[in-house]
Amino acid sequence: MTDSYPKAYIPKSCEEKWYNVWQKNRIYEASAESPKPAYSILMPPPNVTGILHFGHVLNITIQDVFIRWKRMQGYETCWFPGTDHAGIATQARLEKELAKEGLTRYDLGREKFLERVWKWKEEYGGIILRQLRKLGISSDWSRTLFTMDESASNAVREVFVRLFDEGLIYRGKRIINWSPLSQTALSDEEVEFKEIKEHLFTLKYYFVDSNEYLSVATVRPETIFGDVAVAVNPKDERYKRYIGKFVRVPLVGRVVPVISDEYADPTFGTGCVKITPAHDPYDFEVGERHNLPIINSINPDGTLNEVAGQYNGVERFEARARIIEQLKNSHLIEKIESYTHNVGFSQRGGEPVEPYLSDQWFVRMKPLAEIALPPVLDGRIKFYPEHWGKTYQHWLENVRDWCISRQLWWGHRIPVYYTPDGRFTAARSEDEARKRLKLSSEVLLTQDPDVLDTWFSSWLWPLTTMKWLYDGKSETTQDLQKFLPTDLLVTAPDIIFFWVARMIMATMKFKNEIPFKNVYFTSTIRDGLGRKLSKSLGNSPDPLQIIEKYGADATRFTMIYLAPLGQDVRMDIDFKTQDIPSMEIGRNFANKIWNAARFLLLKRDMVFGNEYPIVYNNRVLREQEYSYSDKWIRSRLHSTIKKVNSSLENFKINDYSKILYDFIWRDFCDWYIEILKVELAEGFDPYFKQALMSFALQTFESVLKLIHPIMPFISEELWHLLTNKSEDESISLELNPEINEDFIDVELESNFEIYQLIVEEIRRLRNEIGIEPQKQLDVTLSIEKSNLLDLINNLKATIAFLAKCKKVDVVSKPGNFTKTISSVVREVQINIHLGSEINIEREQARLRKEIERLSKNILSIQSKLENSNFLSKAASEIIEREREKLNSMQDSLNKVQEIYHKLVEL
RNA sequence: GGUGGCUUAGCUCAGAUGGUCGAGAGCGUUCGCCUCACACGCGAAAGGUCACUGGUUCGAAUCCAGUAGCCACCACCA
């Protein structure tokens with residue numbers, strides 16, 4: 001018998017078992033036709049190249065908690081999973097593999113390369129979705145979408161054409177952020193600025209007609225090959241006279257004009273700035289204003305080009321070093337200062353981006369920003385924590401056009417077709433392009449070679465997951481009708497611009513609907529030193545190993561327990577072993593739950609024998625049979641249900657975990673179960689014992705339901721052990737316990753608190769005096785308050801059990817005792833009869849301390865109650881409470897003083 | 001430069017709408033326990049001028065302002 005309930009919870013076997021059962025029974029697949037109200041969540045699609053890290057664990061667990069909780073509240077829940085094709089990351093990954101074979105993508109050619117990527121995707125892509133299953137999540141896997149699936153691609157193409165036709169997508173020659181590593185354009189959002197210590201070089205630009213020169217500062221001397229002018233501020237008296245003259249670009253020898261432009265800041269550097277339109281966005285604007293030529297001196301791979309003469313083909317930073325040498329040798333450098341400034345880096349590749357002039361496709365953002373702002377401002381979409389709304393607003397109000405073309409192969413091909421003479425149109429197919437351009441079938445059309453930014457498909461996620469335009473035509477589907485808008489989006493704040501904002505734009509634009517009602521921004525997880533987790537820092541443990549070691553439930557619970565809304569999380573990480581010791585919180589808690597169940601099961605088997613489960617349902621406590629502790633735990637349970645619901649409703653998921661932790665560990669295990677032991681031992685009537693156990697088991701079943709959203713495996717396992725239900729049934733399809741306000745008894749809870757204080761005080765005194773652990777002493781409690789007296793009398797035996805007393809007497813009047821140490825909690829006097837002489841001095845000292853503490857408190861309350869302002873302005877119930885507090889403390893003080901004086905007399 | 005966040009026990013953090021805080025938890029530390037569910041446990045203890053200054057209020061860890069330190073995001077001028 002005992003063998004069926006091992007002493008410690010073993011997560012592994014039950015996790016595998018139950019996930020397989022859930023999958024087999026397809027219990028988490030949603031029906032759009034269900035009459036139940038809908039509750040839906042979009043899973044932020046991880047990259048196909050991704051592997052599980054702790055950011056996912058937190059993010060995914062939060063979503064699962066809400067989905068499971070709502071499912072148990074009777075909603076038709078649908079959690080849409082999927083993966084993102086992650087253009088740059090995936091292509092880079094495959095190119096790396098090719099490189100091992102000594103190949104580049106160009107060796108294979110576009111078609112072969114893409115075949116290869118697809119093959120890789122089928123084989124290894126989406127490993128992360130399998131890893132997510134280890135967490136026990138209840139997403140609807142039948143609805144899994146990949147952003148390059150045909151249905152999604154159809155929608156992407158359609159959206160592109162529509163925006164193009166509306167003039168919201170345009171092609172333009174602009175300075176964009178170029179990644180030399182990936183050799184593609186990037187959006188502004190994909191650039192990260194870092195502070196870099198470099199040098200500021202002041203170069204000499206000699207006038208063509210004199211020995212004088214202009215001093216021009218630059219941090220990028222390698223761009224001098226693209227210089228087409230030197231600008232000075234028109235108001236700058238120092239340089240006014242040079243405007244219109246010509247200088248020679250150092251080394252290059254090109255003769256360029258000195259122009260006047262407001263852009264030159266007289267207070268910065270020398271006040272002269274070289275203008276290189278091809279390599280700086282501001283210079284580009286200056287060039288446009290002054291009609292200057294544009295000279296590109298850098299290749300897409302980051303090397304200098306033929307314009308740079310001898311530096312042709314030299315990598316940009318290498319070139320810089322060599323150019324400086326040459327400038328030095330030619331005495332063309334006036335000075336070199338160290339200089340700290342911010343440089344843009346490619347978020348993915350990590351290399352400095354190159355401002356690069358090229359033809360790219362852009363989305364006009366203003367009109368989209370205008371429709372995306374109102375739903376957040378008017379509260380249709382709520383952010384948690386709220387303050388992200390400000391960040392969102394600021395971004396939208398200052399948004400710049402979105403560069404969506406990428407010079408990659410892996411991604412959605414831009415649906416634009418060009419004629420040999422340079423005309424073009426967006427179209428759903430080549431045929432359509434031909435029609436649109438009114439071309440005969442002989443004219444050769446070429447499709448744009450570029451692909452779209454990955455986020456151009458991600459922003460349609462709320463729509464494509466629900467099969468919008470899956471065939472390029474259908475504007476609505478059952479899923480859209482049932483599940484849009486979704487209820488909750490859980491995501492990291494760093495993709496608020498990339499993704500959250502753009503989803504709002506797209507969904508508002510194409511469906512005139514919000515994509516989600518609530519957005520929960522997760523915490524950033526950091527190590528003990530406050531650093532973000534990253535592989536390169538070696539502070540990013542593999543969640544699968546942690547799950548292996550501590551269990552999925554433990555991992556889930558710990559993450560939620562540690563991660564309050566809106567606050568970063570610090571996890572102690574053992575860098576050597578890649579262990580996370582704080583996972584013990586969850587593991588120990590799971591073990592505690594397991595053992596509470598084990599206790600109940602053992603007692604159940606004892607009390608019912610083989611009558612279980614036949615008579616189980618007939619054994620019910622009659623109302624008068626409920627003991628104070630039964631009523632207390634029932635009251636606590638219902639208070640807990642209430643708190644659980646309100647914390648989840650307010651997205652305080654961290655509170656939810658703490659409320660249950662405290663309730664289960666403290667209330668249920670430390671007190672209720674301990675008391676139950678006594679009640680079972682005392683009861684003679686087997687029917688009564690069975691009823692008592694039924695109540696305990698039912699209470700525990702409620703506990704399991706409450707904990708299920710965060711600890712799905714152990715709760716499922718125990719629920720089955722407890723109820724003997726068939727494997728086809730699942731606790732996750734049960735309804736949450738309902739609150740019965742009638743069961744919440746505030747007065748009982750407060751009296752019970754005094755009972756707990758009494759037990760604790762006796763234990764404390766025993767410890768303090770050093771009574772041997774096994775020694776049982778007689779205790780007399782004197783209590784005047786009648787309802788408390790009744791409660792304590794009722795629970796007398798449990799006090800004896802919990803505080804190791806031989807006998808507990810309860811009297812209504814304080815007695816006169818010798819060889820006794822006494823203490824007071826609230827209005828109760830506790831007397832422990834030692835049966836031997838006591839250390840009077842020590843007792844006096846102890847009591848003096850108590851008198852002091854009480855007197856201090858009383859004084860502060862008294863002064864409050866004597867304050868007429870307080871009496872006239874404070875709420876009456878506050879005053880009443882203070883009065884009660886004062887009375888209670890006075891009473892305590894009187895009693896302590898009485899004891900003290902008696903000691904003195906001895 | 002702009003915006004937002006944080007600062008409560010040795011450590012990590014709870015402490016909506018100010019009074020129930022007569023400041024809490026977990027870990028760590030100290031002491032005592034293998035008490036018939038659990039040593040992944042039980043019982044107990046020590047440990048805090050709630051960053052600083054001022055204000056609002058009858059009353060502030062909680063609201064406001066300022067200061068300091070830390071963090072994040074945005075903008076980025078040669």
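Remember, it's a predicted structure, so these values are computed and weren't measured experimentally.
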Taking protein heavy atoms under 4.0 Å as touching, what does nucleotides 18-25 of chain B look like 5' to 3' if B marks base contact, S marks sugar-phosphate-only contact and - marks none?
-BB-B--S
With rounding to whole Å, what would you report as the distance between B:G2 and B:A78 at their C1' atoms?
22 Å
Less than 4.0 angstrom between a side-chain N/O of A:His341 and OP1 or OP2 of B:C76, yes or no?
no
By the Watson-Crick or G-U definition, both distances under 3.5 Å, B:A25 is matched with B:U12
For a quick check under 3.5 Å, do A:Lys274 and A:Thr276 share a side-chain donor-acceptor pair by atom type?
yes
Tell which nucleotide pairs with B:A37, taking only Watson-Crick or G-U wobble pairs whose two distances are both under 3.5 angstrom.
none
Rounded to whole Å, CD of A:Glu262 lies from C1' of B:A78 at a distance of 16 Å
For B:A44, which nucleotide in any strand shown is its Watson-Crick or wobble partner with both distances under 3.5 Å?
B:U30
Report the nucleotide, chosen from B:A72, B:A14, B:C76, that has the shortest atom-to-atom distance to any side-chain atom of A:Arg526.
B:A72
So what does A:Arg587 hit on the nucleic acid, given a heavy-atom distance under 4.0 Å: a base, only sugar-phosphate, or nothing?
base
On the nucleotide B:C38, are OP1 or OP2 found under 4.0 Å from the side-chain N or O atoms that A:Lys592 carries?
no
Between B:C6 and B:A65, how far apart are the two P atoms, rounded to whole Å?
13 Å
Flag the pair A:Tyr339 / A:His341 as yes when their ring centroid distance falls below 6.0 Å, and as no otherwise.
yes
Just to be sure I understand the rule, does A:Glu674 reach a base, reach only the sugar-phosphate, or reach nothing, if contact means heavy atoms closer than 4.0 Å?
base
Donor-acceptor pair, distance only, cut-off 3.5 Å: does the side chain of A:Arg766 make one with the backbone of A:Pro773?
yes
Heavy atoms from C-beta onward define the side chain here; which of B:A78, B:A14, B:C76 lies closest to that of A:Lys658?
B:A14
Within less than 4.0 Å of OP1 or OP2 of B:U57, is there a side-chain N or O belonging to A:Asn869?
no
My understanding is that a pair needs two contacts under 3.5 Å, Watson-Crick or G-U wobble. By that rule, which nucleotide pairs with B:C73?
B:G2
Using whole Å, what does the distance between atom P of nucleotide B:C36 and atom NZ of A:Lys7 come to?
9 Å
Separation of B:A14 C1' from A:Ile653 CD1 (nearest whole Å)
16 Å
Flag for A:Ser582-A:Asp572: side-chain donor and acceptor within less than 3.5 Å:
yes
Looking at A:Trp665, I'd like to know whether one of its side-chain N or O atoms comes within less than 4.0 Å of OP1 or OP2 on B:C42.
yes
Residues A:Arg598 and A:Asn595: side-chain donor-acceptor under 3.5 angstrom
yes
Looking at A:Arg763, I'd like to know whether one of its side-chain N or O atoms comes within less than 4.0 Å of OP1 or OP2 on B:A44.
yes
Less than 4.0 angstrom from a charged side-chain N to a carboxylate O is my criterion; do A:Arg764 and A:Glu768 meet it?
yes
Under 4.0 angstrom, heavy atoms only, what part of the nucleic acid is A:Gly586 near: base, sugar-phosphate, or nothing?
nothing
Identify which nucleotide among B:U35, B:A37, B:A16 has an atom closest to any side-chain atom of A:Cys669, counting heavy atoms from C-beta outward.
B:A37
Could you please spell out the steps behind the side chain to side chain donor-acceptor pair (under 3.5 Å) verdict for A:Glu760 and A:Gln756?
CA-CA 6 Å; A:Glu760 284 165 351; A:Gln756 291 172 309; over 6 Å; no
Confirm from the modelled atom types if A:Asn591 and B:C38 form a donor-acceptor pair under 3.5 Å, side chain to base only.
no
Verify the contact: side-chain N or O of A:Lys677 to OP1 or OP2 of B:A37, cut-off strictly under 4.0 Å; return yes or no.
yes
Run the ring-centre check on A:Phe668 versus A:Phe700 and record whether the distance is less than 6.0 Å.
yes
Any side-chain heavy-atom pair from A:Phe497 and A:Tyr392 closer than 4.5 angstrom?
no
Just to be sure I understand the rule, does A:Asp280 reach a base, reach only the sugar-phosphate, or reach nothing, if contact means heavy atoms closer than 4.0 Å?
nothing
Nearest-angstrom distance, P atom, B:C64 to B:G19
15 Å
How would you label the contact of A:Ile673 with the nucleic acid (heavy atoms, under 4.0 Å): base, sugar-phosphate, or nothing?
base
When rounded to the nearest Å, what value does the distance between P atoms of B:U12 and B:U17 take?
25 Å
Verify the contact: side-chain N or O of A:Tyr282 to OP1 or OP2 of B:C76, cut-off strictly under 4.0 Å; return yes or no.
no
To the nearest angstrom, the CD1-C1' distance between A:Ile659 and B:A16 comes to 12 Å
Indicate whether any N or O donor in one side chain lies under 3.5 Å from an N or O acceptor in the other, for A:Glu190 and A:Ser187.
yes
For this output row, return yes or no: ring centroids of A:Phe345 and A:Phe193 closer than 6.0 angstrom.
no
Determine the interatomic distance between P on B:C63 and the same-named atom on B:G15; round to the nearest Å.
12 Å
Counting side-chain heavy atoms from C-beta on, which of B:C74, B:G5, B:A78 comes nearest to A:His387?
B:G5
Taking only the C1' atom of each, what is the distance from B:A51 to B:U8 in whole angstrom?
10 Å
Going by purine N1 to pyrimidine N3 plus the second Watson-Crick contact, or the G-U wobble pair, all under 3.5 Å, which nucleotide sits opposite B:C58?
B:G19
P gap between B:U49 and B:C11, integer Å:
13 Å
Base, sugar-phosphate alone, or nothing: which one does A:Asp265 contact when heavy atoms must sit under 4.0 Å apart?
base
Rounded distance in Å between the P positions of B:A45 and B:G26:
13 Å
Reckon A:Ala597 touches a base, only the sugar-phosphate, or nothing at all at heavy-atom distances under 4.0 Å?
nothing
When both distances are under 3.5 Å in a Watson-Crick or G-U wobble arrangement, the nucleotide paired with B:A78 is none
Would you mind classifying the nucleic acid contact of A:Glu760 as base, sugar-phosphate or nothing, using non-hydrogen atoms under 4.0 angstrom?
sugar-phosphate
Report the nucleotide, chosen from B:C58, B:C42, B:A44, that has the shortest atom-to-atom distance to any side-chain atom of A:Asn867.
B:C58
Below the 4.0 Å mark, does B:C40 have OP1 or OP2 next to a side-chain nitrogen or oxygen of A:Lys549?
no
Let's test this: given Watson-Crick or G-U wobble pairing with both distances under 3.5 Å, identify the partner of B:C52.
B:G66
Less than 4.0 angstrom between a side-chain N/O of A:Arg766 and OP1 or OP2 of B:C31, yes or no?
no
Heavy atoms only, 4.0 Å cut-off, all strands: where does A:Tyr339 land among base, sugar-phosphate and nothing?
sugar-phosphate
Is A:Phe497 touching bases, backbone alone, or none of the nucleic acid, heavy atoms closer than 4.0 Å?
sugar-phosphate
